[in-house]
Structure formats: C-alpha cells, structure tokens
**Q** 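My questions all concern the structure below.
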Amino acid sequence: MLIRKAALTFAVVAMAGAAAHAGKDTDTFTWATSTEIDTPDLYYGNQREALITTYAQCDSLVHRDPMTNEYVPLLATSWEWIDDVTLELKLREGVKFHDGTDFDAEDVAYTLNHVAAPDSGMKVRVIIEWIDTVEVVDPHTVRIHADAPTPAALEYLTGTAPMFPSGHYDNAPEVPGADGATRRDWGAVLPVCTGPYILTDYQPGQSVTLEKNENYFDGSPKGKPSIGKIVYKTIKDPETQIAELMTGGVDWIWGVPPENADLLREMENLTVVSAPTMRMSFLSLDAAGRTGETPLQDVRVRQAIAHAIDRESLSKNLVGEGSAVQRSMCVPVQFGCETDVTQYAYDPEKAKALLAEAGYPDGFEIPFYAYRDRPYSEAVLNYLRAVGIDADLQFLQWRALRPLIVDDKAALAHLTLGSNGMLDVSASTSYYFKFSSDDYARDAEVRDWLDKADTNSDPEVRKAFYSKALKKIADQAYYIPLFVYGRTYAFNKELDYPVTPDEMAHFYLAKWK
C-alpha cells in the first residue's frame, strides 16, 4: 500500500497528541508488522514474527552466526557424528530456564522427541522429520538418532529448534478437533526458554512483550542483552505503522514500499535500509489434480501462467530495493540451489497461444488464494486476467488458508516461504515436493531425487540430485517462482542493530546508541 504524503501528514498530525511509549528514554524497543501472531511457540506457528521473537527469547543447541553463517556452540558446546546416523552433542552446564530450573540432557530429549513424534502437529516438519529418537547418554550428553544420513542436521538445530524444559507441554489444554474428537493444543502453552529475553506478556493477535534476562549465561554467542524491554505490536494498517514510527510510537517497521521509503529518508530521526532476504514468492499450481479436474493439470496452461507474469517489473517496481527475480524454487544463498533452469520470459501473446493450444482460447475461471502482501497478489492477478484467466482473489489470513491447502482445496495459490532462514535446499524445494500436504505436484521422480539429495553426505552428489529435481520442476512449471523479497527497514536512528540478509531481525543484538 503506497501512502501519499498528504494522507501520511494527516495521520501523523492525528496521532501527534498520543503519548509515545517506545524509544531510548523508556528503554523499550517497540516493533510492528501487520501480522497477528497465532502463537509465540515457533513449533506451532511458523510466522516470521514468531521466529524473530523465538531467537530473542529462546536458545537452540547450535547458533548460526548471522554475520559469518558459521555454526558455533550455544546450548551444545561440541558435537560429532558417531556414525552416519548418530549425532552426539555435549551440553553447556550451569544454564537455567526462565522458570529457574536447570537445563540438561533430559530437556533436549523431551523437546525433540515431542515435536518429532508423527502426531505432534508440529508445523514445519522438515526441521525435525529427520529425527528418529533422542537418547540421554548422561546429564550433559545427548545422542540424536536420525532416520537416515542428514547432512543439514546442524542447520536444523539452530534457532528454528528452541529447547524447552521437560514436561513443558504436559498441561496443554484439550480442544475440539476437526473430526469432532478432542486434541491437545500444544501451541497454547507459552514458551519457557533459556534465552536473552523472557516472555512476560502475550496478547493473542495483538502483542508480545519480552524483558531482559538479567541472569543470561556468560559465553553465549548471542551476547548479553542490552535493551530492557522488547514489545511486538500488530498494526494492520501500513499508514498507521508509518505514522507511529514518525511520532515515536514504534521504533521499527519493515516492508516499506519504495515511495514511502523515499519519504521516510527525509526524516532526521529515522534510518532507512534496504536488504535482500531469503523469502521467495511463488505460485502453487495443482498439477496433480488434488482439487479435482482443473486446467492446471495441463503443462501448457502452467507454462502459459509463467509467461503471463512480468516478474522483472514485479521485483523492480513493486517490491523494490533488495528484491530480485526468483529463477528457481529455492534461493541462491541456499546450498544446492540450481538456478540454471528453464526460464519463462514475459510474453502475454505466447501465454494466450498456449492457453488456446490447451483448449482454453477464451481462458477460464479459477479461485486465486493469497495471504500476504495483498498489493503483490493483486498485481499477479492482473497479469493473469490480461491473458484470459479470470482468477477470483480469495485473500485470507494464513490460519484460514492453511487448512484449505492441506484439505486439497487450493488449486492456485500465491504463497511465500522464508525457509525459516535455513541455508539448505532441503528447507525450501524439499518442503514442497516430497508428497507432503504442501505438494501439489506429486512427482515421484522429483521426490526420489530430493530424498537422495537430502540424505547423501557427499556435497557434490547432493548438488547433482538437487539440480535434477529443480530442472524438472521448472520444465514442468509445477510451481511458478516470482521474486525473492527485498526488505526495506525503517527504524529509530537511536537504535543500533545489524540488518542481515536472512529476513531475520536479531533484536537480541540490538542496543541504544
């Protein structure tokens, strides 16, 4: 949403009388996006905002330095592969959870065994599906037994796998399930962690408050926390976000459109920075016929959709600085990402010809599902309509769209994935093409190539199989890559924190100047 200067000025004036509670003077850092956090437990809510909160609040076994991408000890002090499928980790001593209990091997085994269970309901299973069982060797040693060789194991054990105390989920409430039977709502249990910040308040869909952990352990690669309080606020309206930023009600926002970024750069109290991210934007197409018979089962229709969209224009003119055309179903910084694949140039006439060849000279009607950054989805929608595809936009919250995807009801969807910041193709391509509920291609050959790549310890073999899979995905236009997000951040000039290319805000590193 682009906000004109006149409208923005009005909003700023309207809010000028409101007291500003953010900023250095109150040692309260407030950040905002439009997302309603479903749960602060990352295992049961895979929103980027939940991940950012988790990094500040929780610790994992391994830490990936956001500057160097090097794996360094966090709750584990060392690790080694005992054999191809057994990873042994030595644990840090003297660490306490926020509730005062001691951290040890039982906690690691409890947490990972819980989320790795097939019926755990954990959202992003690629993080833990490689785990068979976790064994306690002694109070400060665990062994993770993998189902198969897992070369990306350390990546999965970084910030996306927070540790909780034993028994953490024991009091999860029972709620009615979709089938009428009751189920445990694990995500309703507020996280208790060992990290730099402590969760002190959570208002569902509104806010999350973290306060500095004064007893955070020495020697953490995250460093000691500096800012006293970190508050996340959901602010739906972009105009209100910017007005709050300008008047001091919030200290940090992101996803600022190019026009507004130029306006905010004129403000002496703000810093505006653009950076690439790992979040990819793409269309999911029902090539497998999961939703029934649709035109999308014809490869010519899928290729027509690819030719219908001007990806260069989307990236450059709408998404803005830091964005780039996405050339494959992965992001280039990830290990194994093959980008030398079939590309579909913007060619609406060729798109129309392919539709006619497939038997749809007048196009067709189809629901078009989306959930994030509505202006981007509307731009894609207009390109489709221009070649005769009458796509009916169904713009939903993620928690409403997700069940439709799982239940075979989303034939055409505009989706995004940030891979949880993981630098491995197993966290992106494999997430969508290994016959999970997210796989609308269901190509057994692609699945088998990805399985081989995901489980081989030889990097060159992994690259070769990822290349095969990604080339076929592109040839068949199973999914249509659009662009890799760029993010423009605007924040309080008194804030000192590193902007990194992983679409993560490492607020535990932030401090006031």
Side-chain angles (χ1 to χ4, degrees), residues 22-24 26-33 35 37-67 72 74-75 95-99 103 111 127 157-165 168 187 189-203 206-234 250-254 277 418 420-422 487 489 491-492 495-500 502-512:
K24 183 176 180 178
T26 60
D27 198 18
T28 299
F29 168 68
T30 302
W31 61 293
T33 77
T35 298
I37 295 182
D38 297 335
T39 169
D41 184 339
L42 182 64
Y43 291 124
Y44 295 98
N46 64 335
Q47 297 153 308
R48 179 60 44 150
E49 290 78 3
L51 182 57
I52 291 170
T53 300
T54 297
Y55 265 72
Q57 179 193 353
C58 303
D59 288 330
S60 51
L61 295 173
V62 182
H63 180 66
R64 175 158 49 77
D65 187 299
M67 307 305 177
V72 294
L74 186 49
L75 289 178
V95 176
K96 290 186 179 292
F97 285 100
H98 296 155
D99 64 1
F103 164 77
T111 301
I127 296 170
L157 293 175
T158 58
T160 54
M163 292 296 112
F164 298 148
H168 175 71
V189 181
L190 297 182
V192 175
C193 301
T194 66
Y197 284 86
I198 300 170
L199 177 67
T200 57
D201 185 67
Y202 168 58
Q203 300 298 321
Q206 299 180 48
S207 66
V208 179
T209 301
L210 306 178
E211 296 189 23
K212 181 166 60 175
N213 179 6
E214 299 286 0
N215 299 312
Y216 191 51
F217 62 88
D218 294 328
S220 168
K222 291 182 173 181
K224 292 281 192 176
S226 177
I227 294 175
K229 184 181 292 186
I230 298 175
V231 178
Y232 171 74
K233 292 169 60 176
T234 298
V250 302
D251 297 295
W252 184 101
I253 62 174
W254 69 2
T277 76
N420 277 296
M422 291 186 283
R487 283 287 190 193
Y489 306 78
F491 51 89
N492 187 332
L495 181 71
D496 180 9
Y497 100 103
V499 174
T500 54
D502 54 3
E503 204 195 3
M504 271 292 297
H506 297 272
F507 292 141
Y508 56 89
L509 297 175
K511 57 189 177 186
W512 299 115

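Just the heavy atoms: all of them, side chains too, but no hydrogens, waters or symmetry mates, feed the values below.
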**Q** Would you call the rings of Tyr489 and Trp252 parallel, tilted or perpendicular, taking 30° and 60° as the class edges?
**A**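 If you compare the ring of Tyr489 with that of Trp252, the planes turn out tilted.
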
**Q** Are the side chains of Arg48 and Trp254 in contact, using a 4.5 Å heavy-atom criterion?
**A**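 With C-beta onward as the side chain, the pair touches.
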
**Q** Indicate whether any N or O donor in one side chain lies under 3.5 Å from an N or O acceptor in the other, for Thr33 and Glu49.
**A**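 Judged by distance alone, the side chains do pair up.
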
**Q** Considering only heavy atoms from C-beta outward, does the side chain of Pro498 approach that of Met67 to under 4.5 Å?
**A**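 Result yes, sub-4.5 Å side-chain heavy-atom pair found.
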
**Q** Rounded at 0.5 Å granularity, tell me how far CE in Met163 sits from CG in Leu61.
**A**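 Interatomic distance, Met163 CE to Leu61 CG, rounded to 0.5 Å: 4.5 Å.
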
**Q** With rounding to the nearest 0.5 Å, note down the distance linking OG1 in Thr111 to OH in Tyr43.
**A**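 So the gap between those two atoms works out to 6.0 Å.
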
**Q** Apply side-chain contact (heavy atoms from CB on, under 4.5 Å) to residues Tyr232 and Ile52 and explain how you reach the verdict.
**A** CA-CA 10 Å; Tyr232 171 74; Ile52 291 170; over 6 Å; no

**Q** Between Tyr197 and Thr53 (side chain of the first, backbone of the second, donor and acceptor by atom type, cut-off under 3.5 Å), is there such a pair?
**A**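 No, because the side chain of Tyr197 does not come within donor-acceptor range (under 3.5 Å) of the backbone of Thr53.
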
**Q** If the condition is salt bridge (Lys or Arg N to Asp or Glu O under 4.0 Å), which residues does Asp38 pass it with, not counting sequence neighbours?
**A**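 If we apply the salt bridge (Lys or Arg N to Asp or Glu O under 4.0 Å) test to Asp38, skipping adjacent residues, the hits are Arg399.
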
**Q** Give a yes or no answer on whether the side chain of Gln57 reaches the backbone of Pro191 with a donor-acceptor pair at less than 3.5 Å.
**A**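 Such a contact is found between Gln57 side chain and Pro191 backbone.
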
**Q** Is it the case that the side chain of Lys222 and the backbone of Tyr55 share a donor-acceptor pair, with hydrogens and angles ignored and the cut-off at 3.5 Å?
**A**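 Indeed, once roles are kept as given, a pair shorter than 3.5 Å links the two residues.
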
**Q** Looking at every non-hydrogen atom in both residues, tell me the closest pair between Phe97 and Val192 and how far apart they are.
**A**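 Looking at all heavy atoms of both residues, the shortest contact is CD2-O, 3.9 Å.
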
**Q** Of the non-hydrogen atoms in Tyr216 and Pro196, which two are nearest, and what is the gap between them?
**A**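 The pair with the smallest heavy-atom distance is CE1-N, 3.5 Å.
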
**Q** Supply the atom-to-atom distance His98 NE2 to Glu211 CD, rounded to the nearest 0.5 angstrom.
**A**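 Reported to 0.5 Å precision, the distance equals 11.5 Å.
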
**Q** Got a donor-acceptor contact below 3.5 angstrom from the Asn420 side chain to the Thr160 backbone?
**A**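 No, the answer is negative, given that no donor and acceptor are paired below the 3.5 Å cut-off.
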
**Q** Is there side-chain contact between Ile227 and Asp27, with at least one heavy-atom pair below 4.5 Å?
**A**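 Result yes, sub-4.5 Å side-chain heavy-atom pair found.
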
**Q** Apply side-chain contact (heavy atoms from CB on, under 4.5 Å) to Phe217 and Asp59, showing your working.
**A** CA-CA 11 Å; Phe217 62 88; Asp59 288 330; 3.4 Å; yes

**Q** Closer than 3.5 angstrom, by distance alone: can the side chain of Asp251 be matched with the main-chain N or O of Trp31 as a donor-acceptor pair?
**A**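 Flag not set: sc Asp251 to bb Trp31 has no pair under 3.5 Å.
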
**Q** Would you indicate whether the side-chain heavy atoms of Asp65 and Pro221 approach each other to under 4.5 Å?
**A**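 No, too far: nothing below the 4.5 Å cut-off.
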
**Q** Can you see which heavy atom on Glu503 is nearest to which on Gly418, and at what distance?
**A**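 Looks like OE1-CA, 4.3 Å.
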
**Q** What verdict does the side-chain contact (heavy atoms from CB on, under 4.5 Å) test give for Met422 and Ile127, after you've listed the backbone C-alpha separation in whole Å, the side-chain angles of each residue and the deciding distance to 0.1 Å?
**A** CA-CA 9 Å; Met422 291 186 283; Ile127 296 170; 3.8 Å; yes

**Q** Taking the side chain from Thr194 and the backbone from Lys96, do they hold a donor-acceptor pair closer than 3.5 Å?
**A**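 Side chain of Thr194 to backbone of Lys96, a donor-acceptor pair under 3.5 Å: no, none is there.
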
**Q** How about Thr500 and Asp502: does a side-chain donor come under 3.5 Å of a side-chain acceptor?
**A**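 A pair is found: one side chain offers a donor N or O, the other an acceptor, under 3.5 Å apart.
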
**Q** Would you indicate whether the side-chain heavy atoms of Leu509 and Tyr497 approach each other to under 4.5 Å?
**A**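 Counting from C-beta outward, Tyr497 and Leu509 never come under 4.5 Å.
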
**Q** Can you give me the closest heavy-atom contact between Pro40 and Leu190, atom names plus distance?
**A**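 So the two residues come closest at CG-CD2, 3.9 Å.
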
**Q** Do Tyr202 and Ser207 have side chains that approach each other closer than 4.5 Å (heavy atoms only, starting at C-beta)?
**A**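 Not touching, per the 4.5 Å side-chain cut-off.
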
**Q** Counting only heavy atoms not in Lys224 (residues, nucleotides, ligands), do more than 12 fall under 6.0 Å from its NZ?
**A**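 Result for NZ/Lys224: enclosed.
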
**Q** Taking atom CD1 of Ile253 and atom NZ of Lys233, what is their separation to the nearest 0.5 Å?
**A**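 Separation between the atoms: 12.5 Å.
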
**Q** Test your reading of the model: is there a side-chain donor-acceptor pair from Ser60 to the backbone of Val62, 3.5 Å cut-off?
**A**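 It does hold such a pair.
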
**Q** Give a yes or no on whether Lys24 atom NZ has more than 12 heavy-atom contacts from other residues, nucleotides or ligands under 6.0 Å away.
**A**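 It does: Lys24 NZ has more than 12 such atoms within range.
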
**Q** So, for Ala50 and Leu42, which heavy atoms are closest and what is the spacing to 0.1 Å?
**A**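 It is C-CD1, 4.3 Å.
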
**Q** Just checking, any donor-acceptor pair under 3.5 angstrom between side chains of Tyr508 and Asn213?
**A**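 No - no donor-acceptor pair under 3.5 Å links their side chains.
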
**Q** Quick one: closest heavy-atom pair of Lys212 and Ser226, and the distance?
**A**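 Closest pair (atom of Lys212, atom of Ser226, distance): NZ-O, 3.3 Å.
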
**Q** Going from CH2 on Trp512 to OG1 on Thr28, what distance comes out if it is rounded to the nearest 0.5 angstrom?
**A**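 Taking CH2 in Trp512 and OG1 in Thr28, the distance rounds to 8.0 Å.
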
**Q** First locate atom CD1 of Ile37, then atom CG of Leu51, and finally report the distance between them rounded to the nearest 0.5 Å.
**A**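 Answer for the CD1-CG pair, Ile37 versus Leu51, is 10.5 Å.
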
